[in-house]
Amino acid sequence: MSEHGASRGASEEGIETSRVAVSDRAADLLRRLVGLHGPVMFHQSGGCCDGSSPMCYPDGEFLVGDCDVHLGDLDIGLDRAVPVWMSASQFGYWSHTHLTIDVVEGRGAGFSLEAPEGVRFLIRSRLFTDAESRALAAQEQ
């Protein structure tokens with residue numbers, strides 16, 4: 001699975017890293033959704049069931065606040081990147097992992113824009129390497 005990285009990253013010892021990326025298949029779907037709905041954004045809340053899936057909304061329809069963390073902006077080859085947000089409580093669990101937004105067959109529940117397409121977004125994760133963790137810490141100081 002190849003990925004598109006976030007438009008901003010951290011660098012230490014020549015290592016470029018970001019907190020979030022998107023798979024090619026998810027990027028293709030996002031471009032289609034942007035064509036239908038205009039600019040979009042992601043929000044990852046906590047909770048069970050579909051509350052733990054990344055939800056795609058028309059940008060500005062889901063209001064983010066002080067309890068949300070901006071993970072990055074996904075470059076999907078359009079004029080505008082796709083911002084990705086996560087609730088601060090959920091970020092506490094995921095802060096040590098690199099997240100990739102992917103798409104799989106099967107309809108999820110909820111109000112995410114991909115639901116009528118018969119697919120759903122999901123998060124794939126891996127632990128940051130020590131070097132990536134240092135690079136992110138340096139960026140966030």
Side-chain angles (χ1 to χ4, degrees), residues 1-13 15-141:
M1 165 177 69
S2 72
E3 299 177 348
H4 300 267
S7 59
R8 64 179 203 183
S11 177
E12 180 191 272
E13 304 163 6
I15 295 175
E16 290 290 326
T17 191
S18 64
R19 291 200 172 275
V20 66
V22 63
S23 71
D24 287 341
R25 186 167 179 221
D28 289 344
L29 176 58
L30 282 168
R31 286 188 288 273
R32 193 164 64 244
L33 292 174
V34 167
L36 293 170
H37 303 282
V40 298
M41 56 130 1
F42 276 104
H43 188 270
Q44 171 75 48
S45 65
C48 67
C49 307
D50 281 335
S52 59
S53 296
M55 302 294 278
C56 183
Y57 301 103
D59 195 26
E61 191 169 295
F62 183 93
L63 299 179
V64 296
D66 293 341
C67 292
D68 295 299
V69 176
H70 182 229
L71 299 179
D73 298 304
L74 302 172
D75 180 1
I76 59 167
L78 298 176
D79 291 339
R80 188 177 175 284
V82 177
V84 180
W85 294 85
M86 180 177 277
S87 69
S89 60
Q90 190 76 354
F91 182 72
Y93 296 114
W94 293 90
S95 63
H96 61 287
T97 60
H98 180 270
L99 305 175
T100 299
I101 297 175
D102 199 3
V103 66
V104 295
E105 299 297 321
R107 187 169 174 205
F111 301 104
S112 194
L113 289 175
E114 81 282 4
E117 305 288 322
V119 295
R120 63 186 171 88
F121 289 112
L122 62 83
I123 295 280
R124 299 190 190 278
S125 65
R126 67 166 176 81
L127 294 175
F128 284 122
T129 65
D130 290 342
E132 288 172 323
S133 293
R134 286 190 301 273
L136 284 168
Q139 174 194 352
E140 294 169 355
Q141 288 182 352

*asked:* On a heavy-atom basis, which atom in Ser125 and which in Leu99 lie closest, and how many Å separate them?
replied: CB-CD2, 3.7 Å

*With Phe42 as reference, evaluate Ile123, Val82, Leu71 under the side chain to side chain contact (heavy atoms under 4.5 Å, CB included) test and give the passing residue.*
Val82

*Closest heavy-atom contact between Gln44 and Ser53?*
OE1-C, 3.4 Å

*Quick one: CG on Asp102 to CG on Leu29, what's the gap to the nearest 0.5 Å?*
10.5 Å

_Let me confirm one number: the OH-OG distance from Tyr93 to Ser87, rounded to the nearest 0.5 Å._
9.5 Å

*So which heavy atom on Ala21 is nearest to which on His98, and how close?*
CB-CE1, 3.6 Å

*side-chain contact (heavy atoms from CB on, under 4.5 Å) evaluation trace for Phe128 with Arg19*: CA-CA 9 Å; Phe128 284 122; Arg19 291 200 172 275; 3.6 Å; yes

*Hey, could you give me the CZ/OG1 distance between Arg126 and Thr100, rounded to the nearest 0.5 Å?*
7.5 Å

*Can you sort out the partners of Leu78 under side-chain contact (heavy atoms from CB on, under 4.5 Å), two or more places apart, ordered by chain and number?*
Arg31, Val34, Ile76

*Could you walk me through whether Arg120 and Val104 pass the side-chain contact (heavy atoms from CB on, under 4.5 Å) test, one step at a time?*
CA-CA 6 Å; Arg120 63 186 171 88; Val104 295; 3.9 Å; yes

For residues 59-69, which side-chain donor-acceptor pairs fall under 3.5 Å, sequence neighbours excluded?
{"from": "Asp59", "atom 1": "OD2", "to": "Arg80", "atom 2": "NH2", "distance (Å)": "2.0"}
{"from": "Asp68", "atom 1": "OD1", "to": "His43", "atom 2": "NE2", "distance (Å)": "2.6"}
{"from": "Asp68", "atom 1": "OD2", "to": "Gly65", "atom 2": "N", "distance (Å)": "2.9"}

*Begin from the C-alpha positions of Asp28 and Arg32 and carry the test side-chain contact (heavy atoms from CB on, under 4.5 Å) through to its verdict.*
CA-CA 6 Å; Asp28 289 344; Arg32 193 164 64 244; 5.6 Å; no

*Which heavy atom in Glu114 sits nearest to a heavy atom in Cys56, and how many Å separate them?*
OE1-CB, 4.1 Å

*Measure the spacing between CD of Glu132 and OG1 of Thr97 and express it to the nearest 0.5 Å.*
11.0 Å

*Closest approach of Leu113 to Pro116 (non-hydrogen atoms, all atoms of both residues)*: O-CD, 3.3 Å

_Is there a side-chain contact between His70 and Pro83 in this structure, where contact means two heavy atoms from C-beta onward sitting under 4.5 Å apart?_
yes

_For Met41 versus Trp85, what's the shortest heavy-atom pair and its separation?_
CE-CD1, 3.6 Å

*When you check the gap from the basic side-chain N to the acidic O, do Glu117 and Arg25 get nearer than 4.0 Å?*
no

